[in-house]
Asks: 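Quick one: the structure is below, questions incoming.
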Amino acid sequence: MAGRFAPSPTGDLHIGNLRTALVAALLAETSGREFIIRMEDLDLVTASPEFEDRQIEDLSSIGVRTTLEIVRQSERFELYREAITQLTASGDAYPCYCSRREIRAEIEAAAQAPHGNLPDGAYPGICRDLTASERAEREAEGRKPALRLRTSGETYVVNDLVAGRFEGGIDDVVLARADGVPAYNLAVVVDDAAQGVDQVVRGDDLLSSTPRQMHLQRLLGLPTPEYAHVPLVLGEMGSRLAKRDGAITLRELVERGETVSSVRDAIAESIGCGPAGNHPEPFELWAAQWSLDRLAREPVQLSNFALSVETEDDAAS
Ligand code: GLU
């Protein structure tokens, strides 16, 4: 039994990510699970070992640590290929030769058509039923296919520990890119099962992807973990906190004169932990007192964090 935090090492973690990581670590600890950190570095163009080191350091400085080896998705392509082979053999995957432009054009055309709009961003099915000769034609043009999941309007209910009941549909998501790199939804499902993860805590921007992952679990014969999708931290005006709000990484706050422990304590207080003060092992202290029902179900505002330094928005006004 294990919980996990699975960041993509493509930049510094902002305090919203660190907050989610602390919830993940505390929930694993208080439910008697091991805690895994997994680096989701599938895209070697955007992921870097430097950010991995910085993320691990930042996580550690707020008390989020693992005694287990850190796993990197870039080292596990073989496992993902096996799952892809299985889905191809069962007829649940098909090659897709579309460019982004072709997909966009088809979606726009469908919006004008009498049958109306497709769900947001859903693949409009252009390559779903190509004949063998249509495929051969595209191959002859030198097109390299991505691999998509074949779905037929299934819906899944997520009984989320934080978000409650969520019902969502699935679409023909990409399983592997045309350059062979496996896609996030596939890799995450394979890894969670392979690593014995039965508790997934992550930002609630991924709640709508969970039905896709549950579908893949079903097709691959893998168990479904329990889920806790944590509401995001919002910026000053109630906007979603994004990575580009560089002002609110831990490192930026420290540069502005905040101490690591004051940021750590502010993050902890925002999820319902009492103040750690000068306690030498705040994580253990928090774990002894914390439970998931202390976590606010609503997104929290950055301005509610008990931090004394100015954020960029304050400074500009
Ligand atoms: N790697 C994903 C991210 O950083 C999170 C994946 C997950 O927790 O399932 O957004």
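In each ligand, atom 1 is the first atom listed, and ligand 1 is the first ligand listed.
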Asks: Contact between Q213 and ligand 1, counting heavy atoms under 4.0 Å?
Replies: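 No heavy atom of Q213 comes that close to ligand 1.
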Asks: Looking only at distance, does A6 have an N or O less than 3.5 Å from an N or O of ligand 1?
Replies: yes
Asks: Find all atoms of ligand 1 within a distance of less than 4.0 Å from any non-hydrogen atom belonging to V188, and give their numbers and elements.
Replies: 9 (O)
Asks: Given side chain to side chain donor-acceptor pair (under 3.5 Å), test R218 with Y156 step by step and report yes or no.
Replies: CA-CA 11 Å; R218 189 163 70 86; Y156 285 81; 2.8 Å; yes
Asks: Closer than 4.0 angstrom, basic N to acidic O: yes or no for R165 and D160?
Replies: no
Asks: Considering only heavy atoms, does R4 approach ligand 1 within less than 4.0 Å through its side chain, its backbone, both, or neither?
Replies: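 Looking at R4 and ligand 1, just side chain atoms fall under 4.0 Å.
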Asks: Does any N or O in the side chain of D41 come within less than 3.5 Å of the main-chain N or O of Q73, such that one atom is a donor and the other an acceptor?
Replies: yes
Asks: I'd like to check which ligand 1 atoms, numbered from 1 as shown, lie under 4.0 Å from a non-hydrogen atom of L206.
Replies: 5 (C), 6 (C), 7 (C)
Asks: Check the hydrophobic clustering (I, L, V, M, F, W, Y; side-chain heavy atoms under 4.5 Å; chains of links allowed) and say if V23 and V300 are grouped together.
Replies: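 Yes; tracing contacts between hydrophobic side chains, which count when under 4.5 Å, links both residues.
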Asks: Hey, is V200 touching ligand 1 through its side chain, its backbone, both or neither, going by heavy atoms under 4.0 Å?
Replies: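 It is neither part, as no heavy atom is under 4.0 Å.
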Asks: Which bit of Y184 gets closer than 4.0 Å to ligand 1, counting heavy atoms only: side chain, backbone, both or neither?
Replies: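 Y184 to ligand 1: side-chain contact only, backbone stays beyond 4.0 Å.
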Asks: Provide the number and element of each atom of ligand 1 under 4.0 Å from a heavy atom of R202.
Replies: 7 (C), 8 (O), 9 (O)
Asks: Do L219 and L149 pass the side-chain contact (heavy atoms from CB on, under 4.5 Å) test, and can you show the C-alpha distance, the side-chain angles, and the key distance before you say yes or no?
Replies: CA-CA 10 Å; L219 295 177; L149 181 65; 3.7 Å; yes
Asks: Can you see whether F35 has R65 sitting over its ring - NZ or CZ less than 6.0 Å from the centre and within 45° of the normal?
Replies: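 Not flagged: R65 not positioned over aromatic ring of F35.
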